[in-house]
Amino acid sequence: MRRLSSLAWRSLAARKMRSFLTMVGIALGVAVLFASLSAGATMDAAVDRAAADELGRSDLRVQALEEQGLNPATVDVISRVPGVSVAAPALDRETYLSVGAGQTASMQLPPPVTVLGIDPVRETQLHDMPLSAGRALGAGDLRSAIVTQTLAEQEHLGVGDSVSLDGAAAVGPQAYDVVGIVMGNGPLPEADGRLVFLTLPSAQTLFGTDSVTRVDLGAVPGTSVEELIGQLEASIKSQPYLLSRTEDLAASLRSEMADFRSALLLVAAVVLFAGAFLIFNTLSMTVAELTREVGLLRAAGTTRSQVMGLVMLQALALGVAGSVAGVVAGIGLAVAALSWVGSSGPVSLAGPSLSSGSIVMALLIGTVLTLAASLEPAWRAGRIPPVEALRRGPAGLAAGAARLRWLVIVFVVLALAALAIWPSGVGEGSGAGSLGTGASSGMWGPLAVYGLLLVSVLLVPRLIGPLGRVAGFPLRIFRNEERLARSSLSRDRSRTALTAGALVVGVAMVVALGTAAEDVRKIGSSWLTETIPGSELLTSIRPVSTTDQVVADLAGTPGVKSVSPIGLFGTPYVFVSQTDGRTVKSVVRQEAAAVVGSDYLNDGRLNFVQGARATALAALDAGGSVIVPRSLADTAGIHVGDTMEFATGTAVTQLTVAGIVAHSIPAESQEAILVGWSDATADFGATGADFFAIRYDAGQEATARPNLDATAVSYALEPNQLERVSGTVGDALDRIFKLLDALALIAVLIAGLGMVNTFSMSVLERVREIGVLRATGMTSRQVWSMVVIEAAVLGIVGAFIGAAVGLVVGAVLVAWSSQGFGLAFDPPWLSIALAVCFGVIISIAASIYPAGLASRLSIVKALQHE
Amino acid sequence: MASPSSERPSDYTCDVATQPPISSSSFGRSVGQTRADGAILEARNLTKRYRLGNRDVEALRGVSLRVRRGEFVALMGPSGSGKSTLLQLLGGLDRPTDGEVVLDGEVISHLSDAQATRLRREKTGFVFQFFNLIPLLDVYENVALPFTIAGVDPRHGEAAARIHGVLELVDLLGRERNRPDQLSAGEQQRVALARALVGRPAILLADEPTGNLDYATGGEILDELWRSCDKLGQTIVLVTHDARAAAHADRVLVVGDGRIRDEIELGRRENRDARPLIDRLSQLGL
């Protein structure tokens, strides 16, 4: 076998260009896979780091569910729960650095800072706070602060400087001495590095409260977290709370990235699929070319398995070399992709994770996929009978059945690979302790899309003939060349279908992603328009009382029709489910929005799918009622007239469902239930509005807005036009979709490499025919045109089928994600046209080299060619 | 055994060789259209050297010959003697290292690629050992190829009439829509012959046209060639290593070691008996 194996190496070396292109194709596929895995690993690492930073060495966190936080009595109960060794309370609130003397307020609010009030002694028992300068806070430091390195750099602060923070209205700005600087961004990812540490009493004084937002707990050695949870549940009765462990926090953060990660893996699978086409085509050609040699070997006594081994050995060499090159290229791709995306939610994605697991997995999948793609050609080589091989010229390529067999093998291998590498937590709902109402499609969505692409490729052989005639129509000015080119395409429909198949898959993916991106952008815009009662939002970093003077001032601005306060807060919803015939009640976090029902009465916003609009909105303002989004109603089986229970402290709050709306205000991770302000403040502890929706008198917006915005900024409210809010969301999504598009374009590039091989093989098979054509009077230019036209026809057919399939896949994605907005299917035709052009151009470019070969053939040698 | 061609009722009713080609133009340096001896093809001191690995191989060493209009000449010799190389130079498929080829009064041995292409399209016809049909085209389309390449619609007018004529000549009327893989080897070679004749070339060059056929079928093709020469005046240069095939020619040039070793004048003979040629070759020790 060793001597036989030298034949494999020689075969690869004899076809340097083809071997190189195939290797490049595998490398590109593996590069995208590695970049995808690396991005996933980076996200995991970033999430774990963020969760660990936030929870430190705590075993458990007790988080206030209500806006007003956990009161001293509850904190006291928590700290005395058996099994708790350390209880570190903290208060975090957003505020602004005060405008110093001599500075003037501008129309633009500065980025806020987060103040974290801590118990210096207990906090350091559970959290590391490595200092880059100065000292730590002491228990008695009431006028001292520590800032993060990031904030220090942004605001030019150093140890010994003074930092002034805006406090509650009654307290006003307060100055603190910076005594230390914490390295990096600090432990709160959502603070984006702008964090100021104060002692807890200082922070409570600053914000005029005696509550805390969380208590981190360290368990007594020997006490399990489950035991601690049991003790806490038995002890805390007066206030709603949320318990979370490091893994819960990580799972919650991961769920925010689920769709991005699954899309990345889908694109990687599609690119690998295109790579598999290339491998199959290349090895099929090699087998066809080596038919006579294989026949000789078989006649000389070589067994079928040895012949198979020869082909597989070539595949192995290509697979290993391509995969190694792919991992190297993938590192660069991962760096580029992650720096392009920048961050995912609160988690920064700086620098790819080069875990050995990702490297091994990419190498393994690249090599195994190459071997899987080579199985069919290898099997076919082993079946070549000695006599047939010696009698006939180059063997035909795969028949329809062989192609189907091969496609199924590759599909199964890739599906298994996807199962193996599918990250845990992706697509399993939208976070711990809440009802999953997000749009996470899990892995079945991508698999279904993948299956759809497979089916479309199987249909290509049936479409290539008729579509080829249509595609060739504009090229009929080259009558003879067009006719011969089209005939050549139908010479081996199997090979043509495989070649076009890779292009179909690539273009389909690009078109589908483009369509989905357009749709998502529209959904974002429609959602806000449907649920926000106004054309402008004034946002606040901390709740503003609805009775505050600011509301009157805003409403009094000429041209302003209404000011609608909206407050967001968490509620402890008692979710009732049936398990094993038993009724189980569990408390889950349900986000809620306090709204003024009458503000929605006349403008048609909020689309009621159950319940009478006027009655429901009036009931909301009257109190005791709730309006529920359809997503929650469907999940929890809620109907109009039902009662929803909330575990608000010692008593249970009951609200009657007055209506069900198609969409509600989007909160942090789910759609909010809508409650009246009276219930929000009385039962759920809401202290004020987080934003105000502004509606202007007809035709007054342009003149009224500057005055309103000035008033808003003077009250530390940030004005945002509704279109700009949805535009910002759309821009962030655009970056992700553009990345996915760029990766999908790699599939088209790989298809191009496959085409170079296919057209080269096509020329090689027709050497003598080309010789005859040249001997009969065909010019070298006509021969060149013939090959290029063949590519153009194939490119047009492949790109158009790809675009059609992409539109179908896009429509499916749109249907899944349209969230019932009833958006018209409106594909981005310009992008689709560009994708089609790109496919055709790649196809034509791929034919330039083979066309040159064909046109330069020596007639004499061509006629002697066997 | 009766020759199948003798059974045909109205052979060669179409005068394919006396009409002009589809188009005619001057390719190279004119040396006078008519020669006193009626030569349509002349080779002058042709030399052809190849580079094979790191050594030069001289395939032809100063070959000169003349072929008269309407003559059937066979180039005969063993493998590697240089006869196919000579045919390629005569047909403008390749260029000589030295010497020149004059076809129909014009020097064709140093033409540009475009000029050589037009020459092949308008003045020469080729028949090869391996038929060399385009498998994707049917019989009609294969025969029509010279017209199609020249941009002439082969379905109408004179082109259609000529295709019909040559198909009748090679007895393939009714098989126009068959693809090559639906034809026997002999039928495929007849298609190749029809394709070579349809353009009414000044000269038809045949390289071992029976090399891939059985004895009887090969005989049919040779008879077709002889008849196209005898009845229609088609000038033919045939390359073969088979004395039986060469016996169809008027004159046999024996090629060996890159030179014309001997010339055997057989004359136009109805019976194409190979015995006189074999005897002569024996005398020469070949």
Side-chain angles (χ1 to χ4, degrees), chain A residues 391-394 396 465 468-469 472 476-493 495-496 762-763 765-786 789-790 793 852 854-866, chain B residues 21-23 48 50 59 84-85 87-89 91-95 112-138 141-154 179-180 191-192 195-196 198-199 201 205 207-208 212:
Chain A
R391 196 163 56 210
R392 287 161 57 179
R469 274 192 289 279
R476 292 211 175 145
I477 46 170
F478 309 98
R479 194 171 59 188
N480 186 43
E481 294 92 316
E482 188 271 337
R483 166 88 173 86
L484 287 170
R486 210 154 33 78
S487 303
S488 177
L489 285 177
S490 58
R491 177 192 305 257
D492 187 336
R493 282 172 192 269
R495 186 173 62 201
T496 304
S762 177
V763 167
E765 282 176 346
R766 285 183 293 163
V767 163
R768 204 187 302 163
E769 274 176 53
I770 292 168
V772 171
L773 290 169
R774 295 280 284 126
T776 314
M778 191 177 246
T779 62
S780 54
R781 180 182 281 274
Q782 283 177 305
V783 171
W784 188 90
S785 303
M786 184 177 72
I789 288 171
E790 184 179 331
V793 171
S855 66
R856 288 193 300 272
L857 275 176
S858 152
I859 303 173
V860 172
K861 286 181 181 167
L863 290 170
Q864 289 167 347
H865 185 82
E866 288 188 32
Chain B
I22 295 298
S23 65
K48 182 69 181 176
Y50 296 108
S84 287
T85 303
L87 188 84
Q88 287 153 8
L89 297 183
L93 294 181
D94 204 355
R95 289 182 185 184
S112 68
D113 181 66
Q115 288 172 320
T117 301
R118 271 171 46 214
L119 165 90
R120 290 192 295 273
R121 192 186 297 166
E122 296 174 9
K123 296 231 169 178
T124 63
F126 288 93
V127 181
F128 304 99
Q129 178 180 351
F130 292 106
F131 324 144
N132 289 344
L133 302 180
I134 308 295
L136 302 166
L137 304 182
D138 61 26
E141 290 168 325
N142 264 291
V143 173
L145 206 55
F147 294 113
T148 317
I149 288 171
V152 176
D153 187 348
R179 298 232 173 182
V191 175
R195 186 181 62 199
V198 78
L205 302 149
D207 189 359
E208 301 274 15
N212 215 27

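Per chain, numbering begins at 1; letters A, B, ... match sequence-line order. Remember, predicted model here, so these are calculated numbers, not experimental data. These values consider heavy atoms only, across backbone and side chains, with no hydrogens, waters or symmetry-generated copies.
The shortest distance between side-chain heavy atoms of A/Thr779 and B/Arg121 falls below 4.5 Å. Within the 4.5 Å cutoff, side-chain heavy atoms of A/Arg774 are placed close to those of B/Arg120. Proximity of B/Leu145 to A/Leu773: side-chain heavy atoms (C-beta onward) are separated by under 4.5 Å at one or more points.
We find the CG-CD distance between B/Leu137 and A/Glu769 to be 8.0 Å, quoted to the nearest 0.5 Å. Taken from CD1 in A/Ile859 to CZ in B/Phe126, the straight-line distance is 8.0 Å, to the nearest 0.5 Å. Separation of atoms CG (B/Leu93) and OG (A/Ser858) is listed at 9.0 Å; rounding is to 0.5 Å.
The two atoms that bring A/Thr776 and B/Arg195 nearest to each other are OG1-NE, 4.4 Å, heavy atoms only.
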